[in-house]
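In this chain, numbering begins with 1 at the start of the sequence shown. Since we're looking at a predicted model, the values are computed, not measured.
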Amino acid sequence: MDNKLYKMMNWPEIESIIYSECDHPHDMLGKHNVNGGTLIQCFFPGAVSVLIKGNELKSDILMSLVDEEGFFAYWTSDRNFPDYLYEVCYKDGSIEQFPESYNYLPKLDKSNTDKFYAGLLYDMYNILGVHECEHNGVKGFSFMVYAPLALRVSVVGSFNNWDGRISQMTRLDETGIFSVFIPSAKEGDVYKYEIKLKNGLTYLKRDPFSVLIERNALRASIVSKDALFEWDDNNKYKSDFCLNDYSKPLSFGEIWLRHFLTKSTSVSDALDEIIKFIKDYDYDAVIFDNLTKEDNKICSYSLFSINGFDREDIMYIVNGLHKENIPVIFTLDLSSMSNDNEGLKGFDGRKLYEAIDDREIDHTITFDFSKKYVRNYLISAVFYYLKTFRFDGFVLRNTDRILYHNYSRAENDYTVNIYGKPENLGGEELLKHLNSVLHKKDDKIITIAGDSLNSFNLTKSLDEDGFGFDYKFDNHLHASMRLYFKHSPAERKLHYNELTNVLINAFCERFIVLLPLGDYGNTEELLVNEFNGNIEDKYKNFKLMLAALFTVPGLKCLPFTSFENEMLNDYINKLDNIYKTHPAFNTKVNDKDCFEWLDTTDPDRSSVTFLRKGNDNEIMVSFNFSDQPKTVELNFFHKTSFIEIFNSNDFIYGGDHNVKDTPLVSRSDKANKGKNIVKFTLNPLSVSMFQKI
């Protein structure tokens with residue numbers, strides 16, 4: 001090394017590069033105009049020599065070894081030095097060629113920087129993470145990650161022997177974002193971020209914006225390009241079916257794709273089966289649940305890991321469903337992250353993503369929703385899924401965990417907000433912000449709040465100080481009925497109020513009543529075995545629950561189930577048909593005038609009767625939860641008559657009863673102040689519906 005080159009060397013900075021403690025390597029490495037010429041510096045640990053090669057160079061240039069650890073330099077008076085690459089020779093005699101990584105620094109423009117600071121960078125996924133790019137004809141991938149507390153961040157992977165000294169990243173101003181361009185990276189390579197703290201601790205983290213992750217023990221992020229899929233639905237963004245028209249009677253079919261996408265099933269066969277399921281039951285939309293091994297949690301942008309199927313397979317299914325005009329809704333959980341040490345937990349040496357009270361709940365850690373960056377990260381994830389996979393909306397799991405600090409905490413053992421209350425103000429801001437920007441972007445997008453037992457006003461508008469969801473899953477109703485039907489008929493009289501009280505709040509939200517797939521399973525046996533009694537009574541109880549779901553106020557959601565019993569399929573189809581064709585069940589569903597109790601004072605505590613009303617259509621629904629026949633006697637103020645339109649014990653559903661075609665006509669009871677009495681008998685464990693005529 002000549003004396004002139006020696007004097008140009010910034011030895012403290014070189015040392016920070018060698019010991020991988022530099023957060024601005026672009027200031028040192030690569031090509032720079034200095035002292036009336038061009039200085040080129042590179043660091044290849046373990047190299048014994050480096051040649052600069054280029055098509056526009058007259059000959060190869062041997063660089064000077066500045067430090068035996070592998071730091072090389074070259075100075076020339078040519079201020080317009082052409083593009084080049086390095087040919088590196090190592091101690092073992094191996095030779096590799098590398099394009100220059102440090103002549104190009106991916107950056108955030110000012111508008112994106114401002115949005116980032118404000119928490120409004122909704123397409124964050126287009127900037128952070130890994131993205132294919134080209135600089136001066138050199139193709140490669142840019143890497144960006146947010147780790148503000150890190151001393152140094154490097155990309156390590158299959159393209160640099162997992163050596164954190166090679167691809168050191170530069171901190172972009174004061175944003176805390178680190179970036180580097182790596183020409184040697186190629187699609188399919190695996191990588192992680194090596195993060196070094198000021199105390200010298202070094203550890204590996206997956207990319208929070210990974211769209212693909214290995215399906216092995218290493219679970220490294222995968223370098224990938226945008227998914228290539230040719231949507232053949234005339235470039236429509238979503239289906240034409242509008243789900244947030246609150247006047248429509250809608251029913252949803254919930255499925256787990258892993259039940260369809262098996263190793264022995266092609267993706268086209270899976271699509272055909274899903275379409276058949278939706279059409280057989282006349283459902284209006286499909287809800288995909290459990291698309292990931294992380295139970296729908298946002299631990300990276302890699303949501304899909306289903307039996308070896310990839311992103312394009314999901315797109316193929318969504319595309320096929322949209323061609324049939326079937327909307328597709330997916331399920332996600334923004335409440336918490338996994339406790340995986342190579343995930344988001346303690347990402348840059350502190351609680352960057354997790355809440356201050358990071359005690360685990362079911363092996364997961366709650367996000368810190370008070371941070372703009374965290375809220376932006378989660379909202380950006382939703383935008384990514386909706387845009388990339390053209391979903392028509394989503395179900396948000398664990399809403400209560402987002403909205404309350406005391407979720408699954410003992411009394412007085414939780415963080416409180418600035419007002420001393422358990423409400424999570426950051427969580428409230430997340431949900432309001434999310435619904436606001438999504439509905440402004442596309443008024444057809446449907447958002448559903450799920451897994452909530454404590455939250456209110458979720459479906460009220462933001463102007464009404466609500467959270468702006470279109471619908472909310474009614475978990476109270478299902479949970480109460482599930483417990484109720486586990487009791488024997490003799491015990492049910494002790495739990496009568498538990499069943500009737502669940503409808504007290506039926507009109508405070510726009511509800512979807514459901515049978516959650518995760519609580520039962522996708523087979524007839526798993527579903528039916530949940531209920532009390534012998535096999536015959538199990539089926540009767542199951543049919544009672546189905547009838548209850550279809551007759552109480554709210555939209556409907558049932559899981560995909562393989563029913564071998566065709567009569568059961570016919571039973572569900574009939575309930576769905578009654579729900580959709582009778583205004584009594586599908587108009588004014590959020591109005592208290594649509595529902596009226598007729599009998600909740602049964603002395604044996606074994607039956608309930610109520611009236612559903614809408615658009616001059618009235619239907620009386622009467623349940624007998626006992627295993628004995630039940631005589632029902634009802635009083636009306638006016639002469640009235642009904643005709644039976646449905647009976648769960650009908651022959652066509654495997655019972656021993658025919659729907660009666662003779663009207664039920666009230667008779668006057670002069671001894672009882674002229675009231676009109678309607679009297680009829682219910683079969684054991686059955687439900688009947690009567691239309692007013």
Could you give all pairs that pass the salt bridge (charged side-chain N to carboxylate O under 4.0 Å, His left out) test and reach residues 448-458, with sequence neighbours left out?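 Sorted pair list: R397-D451.
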Scan for salt bridge (charged side-chain N to carboxylate O under 4.0 Å, His left out) pairs involving residues 552-579, sequence neighbours excluded, and state none if there are none.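 Passing the test, one end in residues 552-579: D576-K580.
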For [X], what residues pass the ring-ring contact (aromatic ring centres under 6.0 Å, His included) criterion, not counting sequence neighbours?
| X | value |
| --- | --- |
| Y496 | none |
| Y407 | none |
| F511 | none |
| F623 | F625 |

Tell me whether the rings of [X] and [Y] are parallel (<30°), tilted (30 to 60°) or perpendicular (>60°).
| X | Y | value |
| --- | --- | --- |
| F542 | F563 | tilted |
| F277 | Y283 | perpendicular |
| F636 | F642 | tilted |
| Y653 | Y571 | perpendicular |
| Y385 | F389 | tilted |

With side chains defined as the heavy atoms from C-beta onward, is the minimum distance between D465 and K460 less than 4.5 Å?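 The answer is no, as the side chains (C-beta and beyond) never meet within the 4.5 Å cut-off.
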To the nearest 0.5 Å, what is the distance between [atom1] ([X]) and [atom2] ([Y])?
| X | Y | atom1 | atom2 | answer |
| --- | --- | --- | --- | --- |
| Y484 | E491 | OH | CD | 11.0 Å |
| T447 | H439 | OG1 | NE2 | 4.0 Å |
| I448 | I329 | CD1 | CD1 | 4.5 Å |
| I275 | I317 | CD1 | CD1 | 9.5 Å |
| L403 | N398 | CG | CG | 11.0 Å |

What's the verdict on ring pair (Phe, Tyr, Trp, His ring centres under 6.0 Å) for F252 and F473, showing C-alpha distance, side-chain angles and the deciding distance? CA-CA 12 Å; F252 304 82; F473 277 156; 7.9 Å; no
Step by step, work out the side-chain hydrogen bond (donor to acceptor under 3.5 Å, both in side chains) result for T364 and D362. CA-CA 6 Å; T364 63; D362 297 330; over 6 Å; no
Please list, chain by chain and in numerical order, all residues satisfying salt bridge (charged side-chain N to carboxylate O under 4.0 Å, His left out) with E509, sequence neighbours excluded.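 Expected list: none.
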Among residues at least two apart in sequence or on other chains, which ones pass side chain to side chain contact (heavy atoms under 4.5 Å, CB included) with [X]?
| X | value |
| --- | --- |
| E596 | L598, L611, K613 |
| I535 | V528, K538, Y539 |
| N658 | D650, F651 |
| R359 | D357, R409, D413 |

Step by step, work out the side-chain contact (heavy atoms from CB on, under 4.5 Å) result for N577 and D282. CA-CA 8 Å; N577 178 262; D282 194 29; over 6 Å; no
Carefully, step by step, assess S688 and L682 under the rule side-chain contact (heavy atoms from CB on, under 4.5 Å). CA-CA 7 Å; S688 289; L682 294 173; 3.7 Å; yes
Do K444 and D470 meet the salt-bridge criterion of a basic N to acidic O distance under 4.0 Å?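 Between K444 and D470 there is no salt bridge, as every charged N stays at least 4.0 Å from the carboxylate O atoms.
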[X] side chain to [Y] backbone, donor-acceptor under 3.5 Å:
| X | Y | value |
| --- | --- | --- |
| R492 | H487 | yes |
| T399 | G450 | yes |
| D392 | V328 | yes |
| K472 | L458 | no |

Set out, in order, the CA-CA distance, both residues' side-chain angles and the distance that settles side-chain contact (heavy atoms from CB on, under 4.5 Å) for Y281 and N569, then state yes or no. CA-CA 8 Å; Y281 290 101; N569 290 324; 2.2 Å; yes
Solution key, residues 422-430 side-chain donor-acceptor pairs under 3.5 Å, sequence neighbours excluded:
unit_1	atom_1	unit_2	atom_2	d
N424	OD1	G426	N	3.2
N424	OD1	G427	N	3.0

Given side-chain contact (heavy atoms from CB on, under 4.5 Å), test D284 with K248 step by step and report yes or no. CA-CA 10 Å; D284 300 294; K248 289 183 178 180; over 6 Å; no
Determine the minimum heavy-atom distance between T366 and M337, stating which atoms define it.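 Smallest interatomic distance, heavy atoms only, reads O-CE, 4.4 Å.
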